[in-house]
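Please read the structure below before turning to the comments.
Each chain gets a letter, A, B and so on, in the order the sequences are listed, and its residues count up from 1.
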Amino acid sequence: MTDTSAPRVDQDRYDPQAIEPPIAQRWYDERTYSLSPPPSADRSGDDTFYALTMFPYPSGDLHMGHAEIFTIHDALVRHLRMTGKRVLNPFGWDAFGLPAENAARNRGADPSRWTYDNIEEQRSTIVRLGYSFDWDTVLYTCDPDYYRWTQWLFLELLDADLAYRKEALVNWDPVDQTVLANEQVVDGRGERSGAVVQRIPRTQWFFRITEYADELLDDLDTIDWPERVKTLQRNWIGRSEGAEIAFPTADRGKRGKPDEVVVYTTRPDTIFGATYFVFAPEHPLVAERMGDDPAFAAYLEEVSRRSELERISSMEDDRGKRGFRLNFDMVNPFTGEDIPAYAADYVLMDYGTGAIMAVPVGDQRDFDFARQEGLEIRVIIRPTTPDGELLDELDPDTMTEAYLGPGVMVNSGDYDGLPWEDAKERIIADVEAKGWGHARVNFRLRDWLISRQRSWGPPVPIIHCDTCGEVPVPFEDLPVTLPEDLDFQVQGSPLDQHPTWKHVLCPQCGNEDATRDVDTLDTFVDSSWYFLRYLSPNSEEFAWPKEAADAWLPVDQYTGGVEHAVLHLLYSRFVVKAMRDRGYLSADEPFQRLLNQGQVVMDGAAMSKSKGNLVVPGEVYDEFGADTLRGTMLFASAPEDDIDWADVSPTGMHKWLSRVWRLTLEHVAREDAGDAEDGRSVDELRKATAAAIIGVSEDLDAKKYNTGIAKLMTLTNAVLDATRDGSGGPVVREALESLLTLLAPICPFITEELWHRLGHEGSVHDQPWPTADASLLEEDEVEIVVQVNGKVRGRVTVPSGAEQAVVEEAARADETVASHLAGEPVKTIFVPDKLVNLVVKG
RNA sequence: GCGGGUGUGCCGGAACCGGUAGACGGAGGGGCCUUAAAAGCCCUGGGACCUCGUGUCCGUGUGGGUUCGAGUCCCACCACCCGCACCA
């Protein structure tokens, strides 16, 4: 390790601007924190640790949120290294995406140039802040060497029948001019642009993530993630259990016999209460039956207009259900009765089967609609308590809402008297026996739409040929690269409008009229597998080596923002499972443990340039240094809690670091002067050092950096007390060295510098994590709390390990205690070395 | 409506298995040093009361409960934050 002598303006003063940059630059230039041997060759097992942060999107310089993620992450990584782990700590950029394209369109920038310029800016900030990433494994998703393998991933999924193309009603974002996945639509708006999305039919590529719906749900129980995120994913996957049941039409259809319409229901037990039937307005049978009935056409028109308006006005109230009485009836297979058929906008074409049996008594929406249309509300359940005790019967005339609670069946033929759960089971069994349908699990999760009408992304590696259809680009021809001369000023997709790019020969038949797929893959495809590429970022033979994937996956600790709870995190889980089933790796999950760091806000509100409350990392390290920035963030709160920058004090952190600086230099000066004697308070300091080592170790293991720092401050105060008492010998040195090694993961620069000032050659970051003898903490005497009837009335000091009788006697000798002891205690609680509680009658 | 989470001094936050509530820091107040300032250092720091003490009472969102003892466990509620929501 080379010397870190920095230019020193003032020898005595803590000047982070002088000491930090040279050290930072050296760590970067010398690749100090690169893993050697590289991860692809390392299968050592036990002492390895894969630490990952969500890689940033390079849309400008880093913001405080990035600084927080990386600071938490870096403290973890540096600490783990000092405890002897071999840590894979890679970095990269999620470098494809719309902002680059927008810069190109609005300012004529070259998206690649724009992206790499931003990356350089971010890289220099990251280096400046002392984050110990492995710069040998760095990757960029917009690099053809990377997206070649993104395209390979697509072809693998295609081969596995997990990628397919279909026409569907998709979300069109009119501002970003592209389709979006369901996950990217929030409250009917594009999550990026905020524009109200339109539902349009379009032929697009999808990943069959629903194939893994069950596993994605069940395996949430096996990973150590915040409950919040797991809940979000559970909600998103939205599993429900029920049955599909076929209802015949009451008349004959086109084919000369009754048509059958399948409904999905989670409450088959309520089928005797199904008094009408509802189709989604767009249901094909409705179109077939209604033909071009002008009234119905008008209704359809109104519905389509209305649903858009509803999305805009956040659909809270005014949810009157627009219905249309169709020109036919359905038959309830269980009662044999004809029931009227409606179209209504509260039934959605793309959930379940697009048609429902309506049970007003047991479903609020059906109830509302029945009241509105004057339809029969038939009571088929008698409410009970959860324990099965009978409650009052329901009265259809006076009910004001549907009954959703437990009960026993009534008016339900053979099923009368059964508790509803039993009835559900029996009815499903009977439905299956009669061939009317079957049990069925349904998911809210839809397949992942991956086509984007954008041009700064990996092209979909498909060639469309009139004779051969959709032809995958042969592996040897990957990557399908983007042309460098795209014109971003054109209307529509620049890739599509490029004069030559899309025209190719069909790889199968040589047809000259074949064209490339002009869409690109969703950026979330790029990021769904980058943690695998880190294992061999430069390999041209494979996306990742299986042996390395088996050695390093799942990622031991993943740190990043909660905003990716259902997007990136769900997609990555899907990709890992799919690749596992293709034999490319063995892990079931990508990320074993997830930490969602809190947000950095200002006065309770998100920071933004427009609000004028923006603080950027650069300002903070320019004024106080990177160590202060890092320390401030970690000391402010637990990693998962938000930090309000208005509430924290970089000044306080800087003051403390200055004190550490001064104490260390003063000690060095004392040693140099040959004046290094320990004084009478060294025992206290020795204890304080041991306590800090033990306490900080525990705190860092538990990622409680805030309390760890508090303990280091306490140790600093103990050093100060000792030196004021005249100490300046080996015990003080030991205390300072312990302080620096314990602080090293949090504030890497000042500790490195002071470590050298104390005369050490190597890096403090290569020091083993300190340990202490816990017996040092044992006291000869302990203070015991004395309670009377549970209230603290005094404290006594006794030899540690004192017997109850001794403690009790000492306690009763205390005046205040005695004054509260009216008579003999009826009971005494004794906790050795801690507390005695005398209970008297009262 | 459903699900998840959070409520502790002026502020950020501590508090192992139920055992001294408020560690550590910030802001504030007082002092030392200094011609002055900065820096540094020291003291103080939940509220109320009085007999001014090694004093009493109150105090961890609210109300109950369990316990010798509850911020911590149980029940009910309130407030706020986040997510989902016409999902059959």
Side-chain angles (χ1 to χ4, degrees), chain A residues 13 186-187 226-236 238-240 242 263-267 270 278 280 307 310 315-316 319 321 344-348 350-359 362-366 368-369 401 404 442-445 562 565-566 604 631-632 635-638 640-653 655-656 658-659 662 695 698 704 706-714 716-717 720 724 783-796 814-817 819-820 825-831 834-840 842:
Chain A
R13 224 176 152 82
V186 178
D187 288 339
E227 207 46 49
R228 186 161 71 120
V229 177
K230 291 197 199 182
T231 304
L232 289 179
Q233 292 214 352
R234 287 192 188 104
N235 285 349
W236 190 261
R239 183 190 148 101
S240 65
V263 300
Y264 174 72
T265 175
T266 55
R267 294 291 304 273
T270 64
V278 189
S307 62
E310 259 189 350
M315 45 188 173
E316 265 303 282
R319 215 175 259 184
K321 299 175 188 345
D345 54 1
Y346 78 94
V347 174
L348 309 176
D350 59 1
Y351 185 81
T353 61
I356 62 157
M357 65 177 209
V359 183
D363 182 286
Q364 192 58 40
R365 294 154 301 179
D366 297 342
D368 294 342
F369 190 77
E401 56 181 16
L404 304 171
N442 213 9
F443 294 94
R444 181 181 173 279
L445 181 71
V562 75
V566 287
T632 303
F635 186 54
S637 64
E640 49 280 347
D641 290 341
D642 288 352
I643 295 175
D644 194 328
W645 201 252
D647 290 333
V648 301
S649 171
T651 320
M653 181 56 50
K655 241 160 83 176
W656 172 55
S658 301
R659 184 180 276 190
R662 210 178 53 249
E698 277 174 13
K704 292 163 76 173
N706 52 343
T707 54
I709 292 170
K711 284 167 188 152
L712 292 173
M713 288 172 167
T714 304
T716 309
N717 293 341
L720 191 65
R724 221 195 327 273
E783 188 180 69
I784 293 199
V785 171
V786 182
Q787 296 182 336
V788 178
N789 288 347
K791 291 198 172 186
V792 180
R793 296 302 181 188
R795 297 171 178 86
V796 294
D814 183 282
E815 272 180 44
T816 315
V817 173
S819 72
H820 286 90
V826 293
K827 189 173 175 184
T828 304
I829 311 292
F830 180 63
V831 183
K834 266 209 142 147
L835 168 142
V836 62
N837 184 10
L838 307 169
V839 184
V840 294

#### Entry: Short side-chain N/O contact to B/rU56 OP1/OP2 from A/Arg793, under 4.0 Å
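Yes, within the criterion.
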
Classify the nucleic acid contact of [X] as base, sugar-phosphate or nothing, counting any heavy atom under 4.0 Å across all strands shown.
X	value
A/Asn717	sugar-phosphate
A/Gly652	sugar-phosphate
A/Val347	base
A/Val792	sugar-phosphate
A/Arg234	nothing
A/Leu720	sugar-phosphate

### Task
Can you sort out the partners of A/Arg793 under salt bridge (charged side-chain N to carboxylate O under 4.0 Å, His left out), two or more places apart, ordered by chain and number?
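Here no residue qualifies.
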
### Query
Taking only residues two or more places apart in sequence, or in another chain, which ones meet A/Arg662 in a salt bridge (charged side-chain N to carboxylate O under 4.0 Å, His left out)?
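Salt bridge (charged side-chain N to carboxylate O under 4.0 Å, His left out) check on A/Arg662 returns A/Glu666.
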
### Message
Base contacts versus sugar-phosphate-only contacts with protein, heavy atoms under 4.0 Å: please encode nucleotides 3-10 of chain B as B, S and - from 5' to 3'.
### Response
SS------

### Task
For nucleotides 63-73 of chain B, just jot down a letter per nucleotide in 5' to 3' order: B, S or -, based on protein non-hydrogen atoms under 4.0 Å.
-----BS----

### Interatomic distance at P, B/rG64 relative to B/rA85, whole Å
40 Å

### Task
Could you give the distance separating B/rG4 and B/rA76 at their P atoms, to the nearest angstrom?
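B/rA76 and B/rG4 have their P atoms separated by 14 Å.
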
### Query
Does B/rG9 sit syn or anti, given that only angles within 90° of 0 count as syn?
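The base of B/rG9 is oriented syn (glycosidic angle within 90° of 0).
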
### Message
Does B/rC68 count as syn, meaning its glycosidic angle lies within 90° of 0, or as anti?
### Response
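The base of B/rC68 is oriented anti (glycosidic angle more than 90° from 0).
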
### Nucleotide pairing, RNA chain B (Watson-Crick or G-U, distances under 3.5 Å), in dot-bracket with [ ] and |
(((((((..(((......[....))).(((((.......))))).(((((..).))))..(((((..]....))))))))))))....

Could you tell me the separation between the [atom1] atom of [X] and the [atom2] atom of [N], rounded to a whole number of Å?
X	N	atom1	atom2	value
A/Trp645	B/rC11	CH2	C1'	15 Å
A/Lys655	B/rC41	NZ	P	8 Å
A/Lys704	B/rC24	NZ	P	16 Å
A/Leu348	B/rA88	CG	P	10 Å
A/Arg239	B/rA88	CZ	P	13 Å
A/Glu698	B/rA15	CD	C1'	14 Å
A/Lys834	B/rA15	NZ	P	14 Å
A/Arg444	B/rA88	CZ	P	10 Å

### Query
Side chains of A/Asn235 and A/Arg444: donor-acceptor distance under 3.5 Å anywhere?
no

### Message
Suppose we screen for ring pair (Phe, Tyr, Trp, His ring centres under 6.0 Å). Which residues come up paired with A/Phe443, at least two apart in sequence or across chains?
### Response
none

### Task
Would you sort out whether A/Met653 and A/Val648 count as a side-chain contact (heavy atoms from CB on, under 4.5 Å), showing the intermediate values?
CA-CA 9 Å; A/Met653 181 56 50; A/Val648 301; over 6 Å; no

### From CD (A/Glu401) to CG (A/Asp363), nearest 0.5 Å
12.0 Å

#### Entry: Rounded distance (nearest 0.5 Å) linking atom CG of A/Asn717 with atom CH2 of A/Trp656
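The CG atom of A/Asn717 sits 10.0 Å away from the CH2 atom of A/Trp656.
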
### Task
Please tell me which of A/Asp641 and A/Glu815 maps to the more 5' nucleotide of RNA chain B, matching each residue to the nucleotide holding its nearest heavy atom.
A/Asp641

#### Entry: 5' precedence on RNA chain B between A/Ser240 and A/Thr651 (nearest-nucleotide basis)
A/Thr651

